[in-house]
Amino acid sequence: MKAAAFDYVRARDVAEAVRQLASLPGDAKLIAGGQSLGPMLNLRLARPKLLVDVSKLESLKIIADEGDAWRIGASVTHSQLEDRPLAGCAPLAQVARVIAYRAVRNRGTVGGSLAHADPAADWPVVLAALGATVFLVGTKGKREVAADQFMSSAFTTALADDEIIESVRVPKLSAGASWGYYKFCRKTGEFPEAAAALLLDPERRVARLYAGALDRPPQPLDTVARTLAQSGAQAVTADMIDAALQRAAPGLGPVARKLRTTAVRRAISQALPS
Amino acid sequence: MSTQGEKGQGIGARVPRKEDARHLHGRGQFVPDMILPGQREVAFFRSPVAHARILGIRKPAGSEGRVFVREDMPDVKPIVAPSTLPIKPSEQHPLAHGKVRFVGEPIACAIGRTRAEAEDLAEQVEVDFEELPALVDSRLSRKDKSVRVHEHWDDNVFLTLALDNGFEEASKKADVVVRREIELSRQSMNPMEGKGTLAVWDDRANQLVLYSSSQTPHLLRIGVARFLGMAEEQVRVIAPDVGGGFGYKCIVFTEDLCVAWLAMKYRKPFRYIEDRREHLVAGANSRQHHYNLTAYASKEGRLLALDAEIHIDGGAYSNWPFTIGLEPGQATGNLPGPYDFRGYRVKTYCVATNKPGFLPYRGVARTGVCFAMELMMDAIARAVDRDPYEVRLQNLVRPEQMPYDNVAKKHYDSGDYPRALKTAREKLDVDKWRERQKRGEPDGRIIGIGFASYCEQSAHGTSVFAAWGLPMTPGYEQAAVRITAGGGLEVRIGVQSHGQGMETTMAQLAHEILGIDVSRIQVVHGDTGATPFSTGTYASRSIVMSGGAVVNACRELIPRLTKIGAHLLKCAEAEARFESGAVVGPAGSVTLAQIAEAWYMRPEWLPLDVDRTGLEASVAYKPKKDTGAFSYASHAVAVAVDTDTGQVEILDYVIVEDCGTMVNPMVVEGQTLGGVAQGIGTALYEEQQYDANGQPNASTLADYLLPGPTEVPAIRIFHMETPSPYTEFGIKGMGEGGAIAPPAVIFNAVNNALTPFGVEVSQTPLTPEKLLEAIERAKKETVPKREAA
């Protein structure tokens with residue numbers, strides 16, 4: 001199939017991008033890497049009247065050290081993060097390396113992944129666990145949303161029709177922090193069947209564990225995270241994880257829970273090798 | 001065979017493929033690359049429902065002359081595939097007629113300057129449907145006569161085949177009876193290029209020219225002429241570069257008829273290119289078999305008799321010319337595999353459902369029957385508590401029994417089946433894996449080892465096809481060769497090469513006979529206007545049939561060349577001999593180029609009694625016996641099974657294969673690797689599921705998983721070469737074998753790994769869900785644990 005006809009503008013700056021989006025509320029879409037939108041256009045599942053290209057905006061391509069955090073522009077590609085490990089944010093390069101295939105990573109962007117809001121994508125669950133903040137800009141000005149609040153349901157986000165993601169702020173990990181991310185894919189490059197991300201950073205008093213690849217946004221498994229922080233990996237049983245998953249995402253069948261429990265357990269053993 | 005061996009260019013040499021340069025540089029010419037002046041693109045409005053009566057169709061306002069339905073092309077005949085088997089006939093109209101029978105069935109076609117424009121128009125077509133219940137399960141569909149895919153039938157069964165050779169008597173002697181239910185998913189064969197046809201009327205030639213992505217251009221020509229009511233000579237089919245076929249491109253498609261009709265009506269070029277979504281939803285369907293098997297064996301595991309009930313989900317329509325009878329015919333005849341037993345009873349039902357028609361796919365039925373038979377072999381071994389390898393070994397046909405007529409009357413021409421299995425066991429180093437299996441993996445995964453053996457009928461001819469009842473039966477295969485004025489060679493063959501490397505291997509065969517450098521041999525194929533008739537490329541037949549014809553055509557030239565050469569050498573014909581591209585006499589030699597110069601440019605140099613047929617020959621060939629040259633192989637694998645994720649990793653994959661004399665071992669290996677990749681897809685990934693309403697679940701490759709480079713392990717191939725007694729140089733066909741054994745060998749390995757759980761898996765594809773469910777089931781049933789074999 002070929003995409004239905006649409007107009008295309010390449011925005012000169014963020015303000016113009018916002019203006020263009022506001023000019024056709026709901027009928028204009030941003031395009032950066034096009035790795036999700038491209039196929040949806042071709043399948044005619046997405047039929048915007050206008051595509052606003054933000055892939056060339058330098059202000060969206062920043063990677064800046066802000067002392068206790070890294071600021072990542074929305075149009076930064078996965079491969080840029082893969083190729084440039086950031087001090088204090090090692091998980092970003094590690095995660096970027098396992099997103100889809102290199103060809104997808106060369107074009108796909110962090111902001112695009114968040115805005116597309118596929119629950120099985122890597123960044124939503126990873127940035128939630130890292131405690132990142134998403135910075136938005138729209139006609140009404142700027143605002144920020146916590147990464148774990150950004151996706152409201154599958155393929156739906158906090159973005160208003162005239163808003164775009166400008167950047168993501170990812171707090172740096174302390175030297176003693178532990179990180180684990182495990183996803184289970186049927187084959188290399190496919191979206192995962194199950195995913196889990198864990199950050200234990202005692203210095204910052206952070207213990208976050210998220211299950212991803214659900215039929216809903218990434219879900220925190222706080223009881224498990226607390227137990228890990230307080231009593232270590234030995235204190236966490238498969239049953240405890242399973243119970244937390246059932247509370248977080250009711251309705252999962254036994255096999256689906258088994259896969260997700262495994263993802264959580266493997267994220268834990270990555271973070272806290274026995 | 002002066003040039004045989006690694007360094008030469010003849011039979012057995014690893015000559016790099018002549019076709020690679022253009023493909024690796026992106027200079028191939030496929031139908032989607034072609035643009036003719038005034039060309040229009042065609043898109044289809046396809047049925048969104050699986051089974052419905054069409055009450056009315058509304059074309060978009062203002063679309064006159066740009067949107068067409070069945071009634072607009074009354075002169076086009078529906079595709080009907082006559083058969084001498086009792087197959088209930090289906091009529092597949094070029095566009096739906098009164099009823100739709102599967103999701104994706106074309107209802108209207110629209111044209112535009114671009115594909116997008118044609119799609120804009122097609123999506124505005126509106127249809128009123130009266131929906132009918134969808135038939136999606138072949139076993140239910142067989143019994144349910146209240147809803148019928150074809151209403152004029154009295155049930156939904158395309159064809160029932162039955163066979164009983166000595167079953168009662170042989171089964172009586174059994175000590176052990178083993179029953180299993182085995183199933184293969186519905187699959188879509190996925191050539192990199194889908195189907196595509198560009199049709200144009202050529203006033204100068206007074207011909208309809210179809211550029212089509214076809215494996216069988218001559219058959220397509222006949223089919224299009226027939227269904228459009230034209231004379232064959234008014235149709236020319238050119239299959240340019242074709243991006244893989246796998247059986248999908250050897251039939252006449254309704255879309256072909258639509259573009260051909262448009263080209264005839266408007267005398268302009270029209271093109272249809274199938275996209276992957278159409279391909280997955282509406283095009284390619286295959287593999288779906290269900291088996292109820294009962295094996296009767298001695299207490300040592302010697303198979304005595306087999307009782308089989310097979311259901312094949314035929315989909316909605318039979319195809320022309322291979323018919324829906326090909327798959328049940330092959331399943332019925334090939335289930336016994338490479339084994340020596342004497343009691344066989346089978347009943348095969350091919351049932352109509354509301355899915356796209358079942359089409360031939362690399363391995364035709366044999367992937368299914370090999371899967372079924374090889375799982376049974378392991379099940380028998382478990383029942384008698386022996387090593388599946390040993391049980392398999394004692395049941396294989398032995399070399400001293402060759403040629404061997406099996407229980408289904410297949411004539412196995414040659415080979416040493418047990419040696420292939422033994423070698424596979426050695427090469428896998430089974431003892432090492434057993435050790436590792438006992439020790440256990442550090443990451444908690446469990447190891448399994450599996451074997452599978454099969455034999456593959458290739459290049460089967462008239463007598464075999466006649467039994468399958470097709471409207472066409474392959475017979476003599478022709479090739480035409482012509483020495484050029486400069487001493488090169490043109491080879492014209494009616495088959496089509498679309499990945500098989502025949503531009504190279506046919507040249508190697510010609511080189512073997514005439515000694516002409518392969519770079520000076522031009523292989524012409526894929527054009528009905530330029531090649532002798534052939535039923536085309538399918539059934540692993542080309543290298544034997546067309547290759548045999550090339551060999552014989554080249555041989556035909558030798559006495560003619562010798563006569564001219566002797567005259568030029570001024571010696572008697574009897575004193576001259578043809579040798580590696582030259583005629584050698586007592587006092588010297590003349591090259592083939594000099595002889596060609598004499599024939600074409602210097603007739604005054606020729607002897608008065610020269611053979612006037614000149615330096616071109618067209619020869620027909622058929623092997624000495626046309627029951628087929630049987631290639632065979634044993635595959636052996638070691639897998640690691642993750643019982644927490646259901647993931648299967650192939651750790652080692654060994655193939656020991658024998659396809660007779662190899663023309664080019666590199667091409668043999670390439671074919672084998674590609675086939676194995678597809679077989680891994682069958683085993684672990686590929687499935688087109690239909691919901692109760694007949695809606696397919698996979699419409700993109702995000703949902704229909706194909707194995708990629710990281711899912712296909714480094715496969716180790718070892719060759720045996722047992723020449724066929726019936727073919728030129730003992731060559732056997734081998735295009736399909738790679739795709740036959742992988743599901744069987746992988747499942748046997750996984751079942752070996754699962755032995756401690758006391759469960760077996762027997763349904764493709766082996767998804768993580770299915771594996772985990774099996775393990776969960778095992779835990780619930782608390783089957784007593786057993787040690788791995």
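Convention: sequence-line order gives letters A, B, ...; per-chain numbering from 1.
Annotation: residues 266-273 of chain A contacts chain B through Arg266(A) [non-hydrogen atoms, separation under 4.5 Å]. Contacts between residues 767-776 of chain B and chain A, counted as heavy-atom pairs separated by less than 4.5 Å, involve Thr767(B), Pro768(B), Glu769(B), Leu772(B), Glu773(B), Glu776(B). Contacts between residues 30-52 of chain A and chain B, defined by a heavy-atom separation under 4.5 Å, are made by Leu43(A), Arg44(A), Arg47(A). By a heavy-atom distance cut of under 4.5 Å, Leu684(B), Tyr685(B) are the residues of residues 674-688 of chain B near chain A, going up by number.
Atom OG1 of Thr262(A) sits about 11.5 Å away from atom CD of Gln647(B), to the nearest 0.5 Å. Between the CG atom in Asp644(B) and the CZ atom in Phe184(A) there is a gap of 10.5 Å [rounded to 0.5 Å].
Counting heavy atoms of neighbouring residues, nucleotides and ligands inside a 6.0 Å radius, atom CZ of Arg107(A) does not exceed 12 of them.
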Could you walk me through whether Leu705(B) and Glu190(A) pass the side-chain contact (heavy atoms from CB on, under 4.5 Å) test, one step at a time?
CA-CA 9 Å; Leu705(B) 293 189; Glu190(A) 290 302 317; 3.7 Å; yes
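There is no contact between Ala256(A) and chain B, counting heavy-atom distances below 4.5 Å. Proximity to chain A (any heavy atom under 4.5 Å) is shown, for Glu117(B), by neither the backbone nor the side chain. Looking at Tyr182(A), only its side chain comes within 4.5 Å of chain B, counting heavy atoms on both sides.
Closest approach of Ala116(B) and Lys2(A) over heavy atoms only: CB-CB, 3.7 Å.
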